[in-house]
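The block underneath contains the structure these notes are about, expressed in structure tokens.
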Amino acid sequence: MPLTGSRVWVVGPSGAGKSTVARALAEAHGVPHYELDAMFWAPGWQRRPEHEFLADVAALDRSGHWIADGQYGAAHPVLEVLADTVVWVDPGRSVTTARLLRRTLRRLRTREELWNGNRERPGNAVGLLLWAHREFPVVRRTNTALFTRMRARSVPCLRLRTAHDIQDLLRKERV
């Protein structure tokens, strides 16, 4: 199913490939890509005040066409209203855990800047992996309910479970 919406929200657990998919879709459509992580984290890994974060998420509406990715529960009510398409990147837990481990190790090794000057820190890497493993079933339940609500409003929803599903979507979107 090719994407038809102009405001696409990409969801999924940590390590699923949300940002990779969202960036590729944004590039294919020539629209801005927004990472909720970049909106949420201030320098020094400080959480931005929730009202500021949510104001930035709500401001996406003003830009017209966009692709955003992120799984922040506080932003769900805002994005459920704004998004006209939802893509759920949903590989299995073993896939997301392996990807998250590889990504975290790469970021630690390269000291890659993430958002607002933040970089992965060795002390937080184990905590991130444990948190992602624990939250995986929560994210799945959350997104199952999200799809139910969005489909009830006739919002197109696409679930990508495999690398083939992702490649197939991206191939169709490059046309």
Closest non-hydrogen contact found for L60 with L82 is CB-CD1, 4.5 Å

Minimum heavy-atom distance R121-L108, with the two atoms named = C-CD2, 3.6 Å

H76: ring pair (Phe, Tyr, Trp, His ring centres under 6.0 Å) partners, not counting sequence neighbours | W9

Check: T96 side chain, R93 main-chain N or O, donor-acceptor pair, under 3.5 Å = yes

Would you say L129 and V139 are hydrophobically clustered, going by side-chain heavy atoms of ILVMFWY under 4.5 Å?
-> no

Tell me yes or no: between the side chains of W115 and E35, is some donor less than 3.5 Å from an acceptor?
-> yes

For E113 and N118, what are the C-alpha separation, side-chain angles and deciding distance, and is it a side chain to side chain contact (heavy atoms under 4.5 Å, CB included)?
-> CA-CA 6 Å; E113 182 178 328; N118 295 313; over 6 Å; no

Could you walk me through whether Q71 and T142 pass side chain to side chain contact (heavy atoms under 4.5 Å, CB included), step by step?
-> CA-CA 9 Å; Q71 190 69 48; T142 298; 3.9 Å; yes

Donor-acceptor contact present, side-chain K18 to main-chain V89, <3.5 Å = no

Heavy-atom closest pair (G15 atom, R99 atom, distance to 0.1 Å) is O-CD, 3.0 Å

Rounded to the nearest 0.5 Å, how far apart are OG of S14 and CG of D37?
-> 7.5 Å

Show your working on side chain to side chain contact (heavy atoms under 4.5 Å, CB included) between L146 and W88 and close with a plain yes or no.
-> CA-CA 10 Å; L146 170 67; W88 178 4; over 6 Å; no

Any sub-3.5 Å donor-acceptor pair from D165's side-chain atoms to T162's backbone N or O?
-> yes

Contacts of type side chain to side chain contact (heavy atoms under 4.5 Å, CB included), residue P43, not counting sequence neighbours = N116

First locate atom CG of L105, then atom CZ of R107, and finally report the distance between them rounded to the nearest 0.5 Å.
-> 11.5 Å

Considering only NZ, NE, NH1 and NH2 on the basic side and carboxylate oxygens on the acidic side, decide whether R106 and E112 come within less than 4.0 Å.
-> yes

Could you check L36 against V57 for side chain to side chain contact (heavy atoms under 4.5 Å, CB included), going step by step and ending with a plain yes or no?
-> CA-CA 8 Å; L36 296 188; V57 174; 3.9 Å; yes

Ring pair (Phe, Tyr, Trp, His ring centres under 6.0 Å) with Y72: which residues, sequence neighbours excluded?
-> F40, F53

What's the spacing between W41 CH2 and L114 CG if we round to 0.5 Å?
-> 11.0 Å

If you look at every heavy atom in F136 and G92, which pair is closest and at what distance?
-> CZ-C, 3.8 Å

L128 side chain near L100 side chain, heavy-atom distance below 4.5 Å | yes

For V10, the option from V86, T20, D69 that meets side-chain contact (heavy atoms from CB on, under 4.5 Å) | D69

Pair D56 + R48: basic N to acidic O under 4.0 Å = yes

Check: R159 main-chain N/O paired with D90 side-chain donor or acceptor under 3.5 Å | no

Can you tell me how far the NE2 atom of H133 sits from the OG atom of S94, to the nearest 0.5 Å?
-> 10.5 Å

Which hydrophobic side chains are connected to V138, either touching it within the sub-4.5 Å cutoff or through other members that do?
-> none

How about E52: does its CD atom have over 12 heavy atoms from other parts shown lying under 6.0 Å from it?
-> yes

Side chains of V87 and V11: does their closest heavy-atom pair fall under 4.5 Å?
-> no

Of all residues at least two apart in sequence or in a different chain, which pass the side chain to side chain contact (heavy atoms under 4.5 Å, CB included) check with R134?
-> W131

Can you tell me if H65 and R7 form a side-chain donor-acceptor pair at under 3.5 Å?
-> no

Around R111, counting heavy atoms of other residues, nucleotides and ligands shown, do more than 12 lie under 6.0 Å from its CZ?
-> no

Report the distance from atom CD1 of I166 to atom NE2 of H164, rounding to the nearest 0.5 Å.
-> 11.5 Å

How many angstroms lie between CE in M39 and CG in L54, if you round to the nearest 0.5 Å?
-> 10.5 Å

Taking side chain to side chain contact (heavy atoms under 4.5 Å, CB included) as the test, write out the residues that go with A24, two or more places apart.
-> L170

Residues H33 and A26: closest non-hydrogen pair is CB-CB, 3.6 Å

Identify the heavy atoms of V8 and D84 that sit nearest to each other, and give their distance.
-> N-OD1, 4.4 Å

